[in-house]
Visitor: 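Please see the structure below; I have some questions.
Starting from 1, each residue takes its place in the sequence as its number.
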Amino acid sequence: MRRGGAAGDESRQRRTRKRPQKSPEDFPGGVADETYEDHQPPAEPSVPPQTGSFAAIPKTAGPQPDPVPKNAGPGANSDSQQGGNPVGGVHVWGAASGGAHAGGPPKNSDEGVHVGGPPNAGQPQFMPPPAVQGPPAEQRVGDDEVTRPGPPRKSSPLPPQRPAQRPQGAGNRSPKFGRPLTTGGIIGWTALSAIVPGAAHLRSGRRKLGFIFLGTFGLVLIAAVVFGIGILGNIGSAVRESTLTTVLVGSAVLALAWFALVLMSYVSLQPDRLPQRGQIVSGIAVGALCVAVMAPFAFAATTVNAAQDLLDAFPSDAEAGNPTSVPIKAEDPWNGKKRVNFLLIGGDAAGNRVGVRTDSMQVASVNIQTGNTILFALPRNLQHVHFSKNSPLNQQFPSGFRAELPNGGLLNEVWQYAEDYPNLGVRGPAALKDAISTTLGLHVDYYAMVDMYGFAALVDAIGGLEINVQTDIKYGGVYGTAGTIPAGRRVLNGEQVLWYGRSRVGSDDFSRMGRQRCVIGALAQQASPPVVLANFTKIVSAAKRLFRTDIPRPLLEHLVTLGLKVKNAKITSTQFVPPQIWPGSADWVKIHKMVATAIRKSNGGVAPVQAGVTASPSGSVPATTAPSPTPTAARPSNVPTPNSQATEDKSLAELCGF
């Protein structure tokens, strides 16, 4: 309520006390204001009267006098009523008729300055203009009540307020946050959600959805651990078709799920509250994070696709082309055998040659229980080998392969001969397997051939091979003008490994056979599972184009398990080279005995093997009559590079200095 009475007048006067003086014409109501200040500045010229609500507001040059209280008595205003001012004050009078004139200056210091007409003693000395008239007298606060000192009034106490009750529904509860997230905070929480799904949703207050993501991640993690334990328990199951398909589909699904998870986590943190620069920076960072979380799954899918391409090189049971093969049983994949024999072939299909020449032939006889392996290296120039009785080539060459040629009929020609004459009813791989089985007295179960240049690419794929080069190896041409591999322990690349195993500059085929077995041993030792997995795509790319085999695809998972045993087992080597075996007139019975002795030592037995009894428990070799060692070519008097370790059956670590 607006305060009235004397106190109100005083307030209004104080608000206007510094305003310039106005002429009486500014006060049409004829009301004069009196000030109590001395030494007022000279009166300013009058201005035209104002109209409106502010026309009647008094405008004086100085502060206004305090109103006379109601209880001040009759003599309190006597000086003002008579118009005198003993102290030389200034009196301003307003004419009731609206006229205005300015009086002259005071004659002395005791005389006041009068503006307007003479004072009217019959009217009140002060009253507010009608335009700013206060409330009625009965509603005004008395001056004595305003000025009377006393204790402050006590306000009536307010009733206690109860705290606002929250809705009972948990979904309507307002989330409480910490500090507003910055650009770095949003990026950090989004990155954390890629590792711990649901973290960003929990931070943004969406707890229900966050716990759902976290629980789903836990289930997926448990399923992955169980799946991995199953793979580790049977490492060979990793190459199953069903396993590869599961990994491929799972990788695709998880890649999309993680991509969507990162985006949802980012959106839940409300990045639109950031400034424009923060939105751009966080958007770029989250986009890179989306690509990063999909990279592992993409790598897994690429690896699985490469593995499936490699598996296509392995024939199925129907495509193996072996009529005597039996179906692979999961409980007994080797069909009751104690040893399994693999023919490892290094083919030379150079551009200047017609067909394939098998210049490197070694049989790996593996003990299925222990993994102990023997490498039987056969010379490529072994002449006049025999075939089994049931082979079509035995009917054509009853005395040995091309025995009518004194300097021909080499072992490395058997494959291509069978390929050139398909009318014989036997192809190159089967013909070579039959010839080597008859020569060793072992049943060769499977073969695998890698082209020489493919082998070099395979070595490059695993990062090279560390080989102890015993002497300088010159290569290229007859005199080794292409280069030299210096002696010492060094890491060789694919091309150097190829020249190391094939060069005959200053040496012969038998020395080359010794270096080739060192290359195979180094590959078996250094191609560890971590190395293979790290370079799997490169290995597959090198092998799938230059790899041939008759190993059936269902046998692969069992072959992987056997390969891990071989890696940690003892590998020995036996070579059929002079002076024990002369390639031009080989003693076939002696070769059989050497094979039996090597197998007995590998098994840890001491019982001698009788002549005429097969040394392989893996299967019987068709009975053949071993011809007497009738030489068909002149026996050399000496060997260019004698191999005194041919029959000592030492391990490759001892022979090659691994």
Side-chain angles (χ1 to χ4, degrees), residues 161-233 237-238 242-305 533:
Q161 297 181 357
R162 297 180 181 179
Q165 297 182 357
R166 296 180 179 272
Q168 297 182 357
N172 298 328
R173 184 177 301 171
S174 301
K176 294 183 178 181
F177 301 107
R179 296 180 178 180
L181 289 175
T182 60
T183 301
I186 288 181
I187 295 174
W189 280 101
T190 306
L192 181 62
S193 298
I195 303 174
V196 184
H201 290 79
L202 294 176
R203 174 62 178 84
S204 62
R206 302 180 181 182
R207 297 186 176 182
K208 184 176 180 181
L209 191 58
F211 284 123
I212 290 177
F213 282 144
L214 194 59
T216 305
F217 172 69
L219 294 177
V220 172
L221 187 62
I222 292 175
V225 170
V226 172
F227 183 77
I229 292 176
I231 295 296
L232 294 177
S237 61
S242 58
T243 302
L244 296 177
T245 303
T246 301
V247 174
L248 183 62
V249 174
S251 299
V253 172
L254 291 178
L256 296 177
W258 243 257
F259 180 85
L261 172 66
V262 172
L263 287 183
M264 294 177 65
S265 301
Y266 177 64
V267 173
S268 69
L269 297 173
Q270 298 180 347
D272 54 339
R273 297 184 177 181
L274 297 175
Q276 183 177 6
R277 181 178 180 182
Q279 294 181 21
I280 295 175
V281 172
S282 61
I284 294 175
V286 171
L289 183 62
C290 290
V291 177
V293 297
M294 295 180 67
F297 303 107
F299 174 76
T302 303
T303 304
V304 170
N305 281 329
L533 290 177

Visitor: Do any N or O atoms from the side chain of Trp258 and from the backbone of Ala194 form a donor-acceptor pair under 3.5 angstrom?
Guide: yes
Visitor: Can you list everything that forms a side chain to side chain contact (heavy atoms under 4.5 Å, CB included) with Ala300? Sequence neighbours excluded, please.
Guide: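 So Ala300 forms a side chain to side chain contact (heavy atoms under 4.5 Å, CB included) with Ser251.
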Visitor: I'd like to check the ring pair (Phe, Tyr, Trp, His ring centres under 6.0 Å) partners of Phe213; sequence neighbours left out, ordered by chain and number.
Guide: His201
Visitor: Restricting to non-hydrogen atoms, name the atom on Ala200 and the atom on Leu269 that form the minimum distance, rounded to 0.1 Å.
Guide: O-CD2, 3.6 Å
Visitor: Checking Ser237 now: which residues fulfil side chain to side chain contact (heavy atoms under 4.5 Å, CB included) with it, not counting sequence neighbours?
Guide: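 Scan of Ser237 (side chain to side chain contact (heavy atoms under 4.5 Å, CB included), adjacent residues dropped) gives Ile231, Asn234, Arg240.
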Visitor: Can you measure from CG (Leu289) to OG (Ser265) and round to the nearest 0.5 angstrom?
Guide: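 Reported value, rounded in 0.5 Å steps: 9.0 Å.
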Visitor: Mind checking what makes side chain to side chain contact (heavy atoms under 4.5 Å, CB included) contact with Ala255, not counting sequence neighbours?
Guide: Met294, Phe297
Visitor: Listing request: all side-chain hydrogen bond (donor to acceptor under 3.5 Å, both in side chains) pairs with a residue in residues 278-292, at least two apart in sequence or in separate chains.
Guide: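 Output for this query lists Tyr266-Ser282.
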Visitor: What is the distance from atom CG of Leu261 to atom OG1 of Thr190, rounded to the nearest 0.5 Å?
Guide: 10.0 Å
Visitor: What side-chain donor-acceptor pairs closer than 3.5 Å can you find for residues 215-222, not counting sequence neighbours?
Guide:
| from | atom 1 | to | atom 2 | distance (Å) |
| --- | --- | --- | --- | --- |
| Thr216 | OG1 | Ile212 | O | 2.8 |

Visitor: I need the minimum non-hydrogen distance between Cys290 and Leu263, along with the two atoms involved.
Guide: SG-CD2, 3.9 Å
Visitor: Specify the closest pair of heavy atoms between Pro271 and Val267, including all atoms of both residues, with the distance to one decimal.
Guide: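 Where Pro271 meets Val267 most closely, the heavy atoms are CD-O, 3.9 Å.
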Visitor: So, applying side-chain contact (heavy atoms from CB on, under 4.5 Å) with Val281, which one of Leu274, Thr183, Val286 is it?
Guide: Thr183
Visitor: Contact between Leu181 and Arg203 at the side-chain level, heavy atoms closer than 4.5 Å - yes or no?
Guide: yes
Visitor: According to the side-chain hydrogen bond (donor to acceptor under 3.5 Å, both in side chains) rule, which pairs have a member within residues 292-302, sequence neighbours left out?
Guide: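 Listed once each, the pairs would be none.
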Visitor: Would you please name every residue forming a side chain to side chain contact (heavy atoms under 4.5 Å, CB included) with Leu202, sequence neighbours left out?
Guide: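 For Leu202 the side chain to side chain contact (heavy atoms under 4.5 Å, CB included) partners, ignoring immediate neighbours, are Arg207, Phe211.
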